[in-house]
There are 2 protein chains.
Amino acid sequence: MLPGMGHGADGRKPTPSRLDLAAAKSVATTLQALATPSRLMILGRLREGSATVGELADAVQMEQSAVSHQLRLLRNLGLVDGVRQGRSIVYSLYDSHVAQLLDEAVYHAEHLRLGATDRESATG
Amino acid sequence: MLPGMGHGADGRKPTPSRLDLAAAKSVATTLQALATPSRLMILGRLREGSATVGELADAVQMEQSAVSHQLRLLRNLGLVDGVRQGRSIVYSLYDSHVAQLLDEAVYHAEHLRLGATDRESATG
DNA sequence: CTAAGACATGAAGATATGTTCATGCAAGCG
DNA sequence: CGCTTGCATGAACATATCTTCATGTCTTAG
């Protein structure tokens, strides 16, 4: 159970109360899984459908080992799930929440990027 | 608006095509701004309304310097904006996208956490 | 059992990141 | 102008993170 952020079992979240440290840590941990290009691409690929580690490695242009390490991380966070199929292991997004979070993250991130296109090298 | 119902206020977002490396980097960069407890708490506080650096530092229990550093980062990413008001500088979320992304991130993160509560210490 | 394929894991090294410390810059006050 | 308040900035240190290398485990085949 997450302390400090109970938003009711009615499925409706009233007003997103302020983030306490525990909640912030929890959210940060999950978000960090989406905060790196490699994992983002892995998830992006998985969003289109299940794939084996080899396929993932090929899709994201990474070493098999690196992919495995990231998959382990994603698995521990409950973002993906892998099942054996013969000698391969087929990974897929854990549920629709992952896909949604991914979509929304991309969506907002793009918009935010547009709003801050050249803000980075603006007059400091 | 209700988080979790999807962000499609306009109802149509282009088919989230596969993430290429450039897009992944961009999204990852933005998401990384939300991937740490400190920044998450700063944004969480800002989500409730504007605040000066001092107020933020007090709210999130951080040194003023640390807050400033993080604000600089958030500002460069276009997530927050600060304007002078006397000796203080009042910060606020740049626009509703930030608030939305924040809400949705929290929402999904919580759900995902619930699904993976004890996955971390599973039979290993 | 031996051999090969597919994936996982541990250790190590290079980077990146976040906080702190000391200091600089800006604004208000007398 | 000098002093105080409020914030920003740079350097440094501790930590976390990601990738690579070598090796282990599990599965299928003969």
Side-chain angles (χ1 to χ4, degrees), chain A residues 21 24-25 27-43 45-46 50-77 79-92 119-124, chain B residues 21 24-25 27-43 45-46 50-77 79-92 119-124:
Chain A
L21 186 57
K25 278 185 186 174
V27 176
T29 298
T30 296
L31 282 182
Q32 202 154 20
L34 308 182
T36 200
S38 56
R39 283 189 296 257
L40 222 34
M41 291 193 70
I42 290 177
L43 291 173
R45 164 72 185 192
L46 251 33
S50 305
T52 68
V53 177
E55 290 172 337
L56 287 172
D58 185 59
V60 305
Q61 286 290 89
M62 289 172 62
E63 299 264 329
Q64 174 267 315
S65 179
V67 174
S68 252
H69 276 297
Q70 304 293 22
L71 284 174
R72 175 165 168 62
L73 201 161
L74 292 173
R75 214 159 67 167
N76 285 338
L77 288 175
L79 296 185
V80 305
D81 183 50
V83 296
R84 282 217 95 102
Q85 271 199 16
R87 302 169 239 188
S88 300
I89 294 191
V90 179
Y91 276 89
S92 43
R119 197 170 305 284
E120 306 171 23
S121 31
T123 2
Chain B
L21 186 55
K25 279 186 186 174
V27 176
T29 298
T30 296
L31 282 182
Q32 202 152 19
L34 308 182
T36 200
S38 55
R39 284 189 296 258
L40 223 33
M41 291 194 71
I42 290 178
L43 292 174
R45 164 73 184 190
L46 252 33
S50 305
T52 68
V53 177
E55 290 172 337
L56 286 173
D58 185 59
V60 305
Q61 287 287 90
M62 288 172 62
E63 300 264 329
Q64 174 268 314
S65 178
V67 173
S68 253
H69 276 297
Q70 304 294 21
L71 283 174
R72 176 165 168 62
L73 200 160
L74 292 173
R75 214 160 66 167
N76 285 338
L77 289 175
L79 296 185
V80 305
D81 183 50
V83 296
R84 280 217 95 102
Q85 271 199 16
R87 302 167 243 188
S88 301
I89 294 191
V90 178
Y91 277 88
S92 43
R119 198 171 307 284
E120 306 170 21
S121 36
T123 342

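So that the names make sense, note that chain A is the first sequence line, chain B the second, and so on, each numbered from 1. Just the heavy atoms: all of them, side chains too, but no hydrogens, waters or symmetry mates, feed the values below. Nothing here was measured: the structure is a model prediction, and the numbers come from that model.
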message = If I take atom CD in residue B/Glu55 and atom P in nucleotide D/dC7, what distance separates them, rounded to the nearest angstrom?
response = 8 Å

message = Given D/dT20, C/dA26, C/dT19, identify the nucleotide with an atom nearest to the side chain of B/Met62.
response = C/dT19

ask   = How far does NE2 of B/His69 sit from CZ of B/Arg72, to the nearest 0.5 angstrom?
value = 9.0 Å

query = Considering only heavy atoms from C-beta outward, does the side chain of B/Met62 approach that of B/Gln70 to under 4.5 Å?
reply = yes

query = Can you tell me how far CG of B/Leu74 sits from OG1 of B/Thr30, rounded to the nearest 0.5 angstrom?
reply = 11.0 Å

ask   = Can you check the B/Leu71 CG to D/dG6 P distance for me, whole Å?
value = 16 Å

ask   = B/Thr52 has a side chain; which of C/dC7, D/dA8, D/dC7 sits nearest to it?
value = D/dC7

inquiry  = If we ignore hydrogens and angles and just use 3.5 Å, is the side chain of B/Arg45 paired with the main-chain N or O of B/Ala57 as donor and acceptor?
reply    = no

ask   = Nearest heavy-atom pair of B/Ser50 and B/Glu55: which atoms, and what distance?
value = O-OE1, 4.4 Å

query = Using a cut-off of less than 4.0 Å, is there contact between a side-chain N or O of A/Arg39 and OP1 or OP2 of D/dC18?
reply = yes

inquiry  = Ignoring hydrogens and geometry beyond distance, is the side chain of A/His69 in donor-acceptor contact with the base of D/dT20 at under 3.5 Å?
reply    = yes

message = Check this one for me: any side-chain N or O of A/Tyr91 less than 4.0 Å away from OP1 or OP2 of C/dA6?
response = no

request  = Report which part of the nucleic acid B/Ser65 touches: base, sugar-phosphate, or nothing (heavy-atom distance under 4.0 Å, all strands).
outcome  = base

ask   = B/Asp81 CG to D/dA8 P: how many Å, rounded?
value = 12 Å

Distance (rounded to the nearest 0.5 Å) between B/Leu77 CG and B/Thr29 OG1 = 7.0 Å

key: Nearest-nucleotide comparison on DNA chain D, the residue closer to the 5′ end among A/Gln32 and A/Gly86   = A/Gln32

task = Could you state the atom-to-atom distance from CZ of B/Arg75 to P of D/dC7 in whole Å?
result = 12 Å

Length of the CG-P vector between A/Leu74 and C/dA8, whole Å = 12 Å

Among D/dT20, C/dT19, D/dC18, the one nearest B/Ser38 by side-chain distance = C/dT19

remark   = In whole angstroms, the gap separating P of D/dC18 from CD1 of A/Ile42 amounts to 11 Å

query = What does B/Leu73 touch in the nucleic acid at a heavy-atom separation under 4.0 angstrom: a base, only the sugar-phosphate, or nothing?
reply = sugar-phosphate

ask   = In terms of side-chain heavy atoms of B/Glu63, which of C/dA26, D/dT20, C/dT20 is nearest?
value = C/dT20

query = Can you find a side chain N or O atom of B/Arg72 that sits less than 4.0 Å from OP1 or OP2 on D/dT9?
reply = yes

inquiry  = Expressed as a whole number of angstroms, how long is the span from B/Leu31:CG to C/dA16:P?
reply    = 19 Å

query = Counting only side-chain N and O atoms of B/Ser68, is one of them less than 4.0 Å from OP1 or OP2 of D/dT9?
reply = no

query = Rounded to the Å, how far apart are B/Ile89 CD1 and D/dT5 C1'?
reply = 13 Å

query = Between D/dC18, D/dT27, C/dT20, which one does the side chain of A/Gln70 approach most closely?
reply = D/dC18

ask   = OP1 or OP2 of C/dA6 less than 4.0 angstrom from a side-chain nitrogen or oxygen of A/Gln64, does that happen here?
value = no

